[in-house]
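The sequence lines fix the lettering, A, B, ..., with proteins before strands; numbering per chain opens at 1.
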There are 2 protein chains.
Amino acid sequence: MSEIVNSKIEHYVTVTKALSDSNRVRALCALRKGELCLCQIIELLGLAPSTISKHMSILKQAGLVNSRKDGRWVYYRLADKKDEIFIQDIIKLSLLGLEQDQQVVADDRQMAEINSWGLEMLCKRNKGCCEN
Amino acid sequence: MSEIVNSKIEHYVTVTKALSDSNRVRALCALRKGELCLCQIIELLGLAPSTISKHMSILKQAGLVNSRKDGRWVYYRLADKKDEIFIQDIIKLSLLGLEQDQQVVADDRQMAEINSWGLEMLCKRNKGCCEN
DNA sequence: TGTATATTTCGTTAGATGGCGAAATAACGA
DNA sequence: TCGTTATTTCGCCATCTAACGAAATATACA
């Protein structure tokens, strides 16, 4: 399941590739406050579910996030791996450095909003929840 | 000349994109010992001059290296920018973390060899320098 | 001035990437 | 069990990227 990586550079590049898309970085930043359901990340980024799913699998493949399944929902959280310490430090540093970013601040605000809705309300977004 | 970047995330992603190619990472690692002529990096990585030139311009665009021209030769060195501190820390951390990488160690050895030749000897590689 | 050499720019090509929607899968609830 | 919903997988398409060689540019040296 997990990628076999024989060199540090190879692993490092897997990580930097994962970090080289702004939507993935936004997702990572959103996760620094705690775990999120996939559907919340979908709502935050406003992309197709299949697209977000792919993004999260890239982050997971790179070892940056972990996931757990709870019923129909899949929750993602920042990985807390203890190996490859310098890469974990890079992630921490990155998240810290991006704290002040306009988009990240805006995302925080939107995430608070999204959180307040609850998952059941959020997840039937396909049908239009209020005025159908 | 330098890229206008209005958001931290955008700048961050420019940097991670620059770091998401193993040849560019190898070039960066090679530069941690001091400045190098483009032709030395060409020799180290074994790619076409135009390819290396492109790689170095991407690193430069991202603010990771600076260059100076001396006659026919262009020398690159790690950038020592003082702004965007967290990104500089990330580069330092990355270089430190990659010190032990097999490829980096091998590159160090080869670079020592390349250095011992001198630029004049090195640069007429097109013609075959010894047994033509 | 003219030739050689180092580097950059340009155009092309093969392969990677990000996006989507449709279909498949998994799990809840009636 | 059957329908609904959340997520993933798949196939497709548009765009980006890394690589090359050829041509352009810049500089040294004869």
Do [X] and [Y] have side-chain heavy atoms sitting under 4.5 Å apart?
X: Leu64(B); Y: Arg24(B); answer: no
X: Ser67(B); Y: Lys60(B); answer: yes
X: Lys92(A); Y: Leu78(A); answer: no
X: Asp89(A); Y: Asp89(B); answer: no
X: Leu31(B); Y: Tyr76(B); answer: yes
X: Asp107(B); Y: Asp101(B); answer: no

Could you tell me the separation between the [atom1] atom of [X] and the [atom2] atom of [N], rounded to a whole number of Å?
X: Asp70(B); N: dA26(D); atom1: CG; atom2: P; answer: 17 Å
X: Lys69(A); N: dT5(D); atom1: NZ; atom2: P; answer: 17 Å
X: Leu59(A); N: dG18(C); atom1: CG; atom2: P; answer: 10 Å
X: Leu38(B); N: dT27(D); atom1: CG; atom2: P; answer: 15 Å
X: Leu45(B); N: dC20(D); atom1: CG; atom2: C1'; answer: 16 Å
X: Arg68(B); N: dA26(D); atom1: CZ; atom2: P; answer: 20 Å
X: Ile41(A); N: dT7(D); atom1: CD1; atom2: C1'; answer: 12 Å
X: Asp21(A); N: dT15(D); atom1: CG; atom2: P; answer: 17 Å

Which atoms of nucleotides 21-25 of chain D (N or O only) lie under 3.5 Å from a protein N or O atom, and what are those distances?
{"residue": "dG21(D)", "atom": "N7", "partner": "Ser50(B)", "partner atom": "OG", "Å": "3.4"}
{"residue": "dG21(D)", "atom": "O6", "partner": "Ser50(B)", "partner atom": "OG", "Å": "3.0"}

By nearest atom, which of the nucleotides [options] is closest to the [X] side chain?
X: Leu47(A); options: dA19(D), dG19(C), dA27(C); result: dG19(C)
X: Val74(B); options: dA26(D), dT8(C), dC20(D); result: dT8(C)
X: Ile42(A); options: dA26(D), dT8(C), dT7(D); result: dT7(D)

Next item on the list: By nearest nucleotide on DNA chain C, pick out whichever of Ser57(B) and Ser20(A) is the more 5' one.
Entry: Ser57(B)

Next item on the list: Return the 5'-most residue of the pair Gly46(A), Lys17(A) with respect to DNA chain C, ranking by each residue's nearest nucleotide.
Entry: Lys17(A)

Note to self: Base, sugar-phosphate or nothing for Lys54(A)? Non-hydrogen atoms, less than 4.0 Å.
What the structure shows: nothing

Notebook entry, point to check: When we call it a touch if two heavy atoms are under 4.0 Å apart, what does Ile52(B) touch: a base, just sugar-phosphate, or nothing?
Noted result: nothing

Next item on the list: Report yes if at least one side-chain N or O of Arg72(A) is closer than 4.0 Å to OP1 or OP2 of dT4(D); otherwise report no.
Entry: no

Note to self: If the cut-off is 4.0 Å, is His55(A) near the phosphate of dG19(C), judged by side-chain N/O to OP1 or OP2?
What the structure shows: yes

Checklist line | Hphob cluster co-occupancy, Ile58(B) + Leu38(B), side-chain heavy atoms under 4.5 angstrom | finding: no

